Amino acid sequence: QLQLVESGGGLVQPGGSLRLSCTASGFTLDGYAIGWFRQAPGKEREGVSCISSRGSKSYGAGSVKDRFTISRNNANNTVYLQMNNLKPEDTSDYYCAAHWRPHAGCLLTDGQYAIWGQGTQVIVSS
């Protein structure tokens with residue numbers, strides 16, 4: 001069974017940091033672009049950041065640029081999202097997703113992603 005499992009969410013004060021992890025089981029992340037998405041209650045899902053299969057390219061949404069960094073360790077079958085200077089508007093459920101894309105970059109739109117995790121909740125509040 002192909003699975004992605006997110007971890008690392010929680011409650012943090014504004015200005016704080018969290019590191020989310022996305023670990024694959026049942027398959028290897030080699031060849032897959034990985035995206036992080038988030039969805040707050042009553043809002044549409046939005047792309048946060050993505051990284052190409054080899055880690056050579058990454059993109060971030062304007063709202064998180066310079067604050068969030070995506071990275072991957074294919075040896076550990078894990079992708080990370082380091083989130084710094086968190087703001088209350090970052091409060092959301094965060095999901096990682098995998099898209100088979102071995103020779104190109106990555107996408108911040110969710111339509112191409114076939115494998116999704118269950119999500120991890122991030123709450124930014126004082």
Side-chain angles (χ1 to χ4, degrees):
Q1 187 176 3
L2 310 184
Q3 283 189 317
L4 293 172
V5 179
E6 302 93 338
S7 61
L11 173 64
V12 63
Q13 292 186 342
S17 298
L18 284 174
R19 188 176 80 157
L20 305 183
S21 298
C22 170
T23 301
S25 65
F27 71 108
T28 176
L29 288 180
D30 288 344
Y32 285 88
I34 302 298
W36 281 98
F37 298 84
R38 66 186 182 187
Q39 187 168 22
K43 294 188 177 181
E44 292 188 357
R45 185 163 59 193
E46 64 171 332
V48 175
S49 188
C50 68
I51 189 166
S52 61
S53 61
R54 297 181 182 180
S56 57
K57 297 179 182 179
S58 63
Y59 304 98
S63 59
V64 305
K65 271 186 175 179
D66 301 325
R67 299 190 298 122
F68 292 10
T69 303
I70 191 169
S71 62
R72 66 189 297 158
N73 184 332
N74 284 356
N76 290 342
N77 231 17
T78 301
V79 174
Y80 304 97
L81 184 68
Q82 178 66 44
M83 306 188 296
N84 297 329
N85 190 20
L86 282 159
K87 303 176 180 181
E89 52 263 42
D90 295 317
T91 295
S92 193
D93 292 327
Y94 285 73
Y95 302 87
C96 64
H99 170 211
W100 179 251
R101 195 174 177 91
H103 302 300
C106 61
L107 301 170
L108 279 178
T109 53
D110 59 5
Q112 302 289 331
Y113 289 85
I115 306 170
W116 289 81
Q118 294 297 311
T120 186
Q121 187 177 52
V122 172
I123 300 174
V124 185
S125 176
S126 55

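The structure displayed is predicted, hence computed values, not measured ones.
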Q: Spell out, yes or no, whether L81 and V12 are grouped together once hydrophobic residues are joined by side-chain heavy atoms under 4.5 Å, including indirect joins.
A: yes
Q: Treating Ile, Leu, Val, Met, Phe, Trp and Tyr as nodes and any side-chain heavy-atom pair under 4.5 angstrom as an edge, say whether V5 and L2 lie in one connected cluster.
A: no
Solution key, residues 35-42 side-chain donor-acceptor pairs under 3.5 Å, sequence neighbours excluded:
| from | atom 1 | to | atom 2 | distance (Å) |
| --- | --- | --- | --- | --- |
| R38 | NE | E46 | OE2 | 2.7 |
| R38 | NH1 | D90 | OD1 | 2.9 |
| R38 | NH1 | Y94 | OH | 2.9 |
| R38 | NH2 | E46 | OE2 | 3.2 |
| Q39 | NE2 | K43 | O | 3.1 |

(Q) Which residues pass the salt bridge (Lys or Arg N to Asp or Glu O under 4.0 Å) test with R45, not counting sequence neighbours? (A) D110
Q: Go through the structure and list residues passing side chain to side chain contact (heavy atoms under 4.5 Å, CB included) with A104, not counting sequence neighbours.
A: R101
**Q.** Under the side-chain hydrogen bond (donor to acceptor under 3.5 Å, both in side chains) test, residues paired with T23 that sit two or more places apart
**A.** T78
Q: Determine the minimum heavy-atom distance between A98 and L4, stating which atoms define it.
A: N-CD1, 3.7 Å
**Q.** Interatomic distance, L86 atom CG to L18 atom CG [nearest 0.5 angstrom]
**A.** 5.5 Å
Q. Tell me, which pairs form a disulfide bond (SG atoms under 2.5 Å apart) where one or both residues lie in residues 11-42, sequence neighbours left out?
A. C22-C96
Q: Hey, could you give me each pair passing disulfide bond (SG atoms under 2.5 Å apart) that has a residue in residues 31-93? Not counting sequence neighbours.
A: C50-C106
Q) In terms of hydrophobic clusters joined by side-chain contacts under 4.5 Å, are I70 and M83 together? A) yes
Q: Keeping the roles fixed (side chain from R72, backbone from S52), state whether a donor-acceptor pair exists under 3.5 Å.
A: yes
Q.
Going by salt bridge (Lys or Arg N to Asp or Glu O under 4.0 Å), name the pairs with one or both residues in residues 9-28, residues two or more places apart or in two chains.
A. none
Q: Return the set of residues passing side chain to side chain contact (heavy atoms under 4.5 Å, CB included) with T28 (not counting sequence neighbours), or none when no residue passes.
A: D30, N77
**Q.** Y59: hydrophobic cluster co-members (side-chain, 4.5 Å)
**A.** L108
**Q.** Same cluster (ILVMFWY, side-chain, under 4.5 Å), W100 and I51
**A.** yes
**Q.** Pairs flagged by side chain to side chain donor-acceptor pair (under 3.5 Å) wherever residues 79-89 is involved - sequence neighbours left out
**A.** S17-N84, Q82-N84
Q | salt bridge (Lys or Arg N to Asp or Glu O under 4.0 Å): pairs with one or both residues in residues 47-58, sequence neighbours excluded | A | none
Compile the donor-acceptor pairs under 3.5 Å between side chains in residues 116-126 and protein atoms, sequence neighbours left out, one pair per line.
| from | atom 1 | to | atom 2 | distance (Å) |
| --- | --- | --- | --- | --- |
| W116 | NE1 | Y113 | O | 3.0 |
| T120 | OG1 | G9 | N | 3.2 |

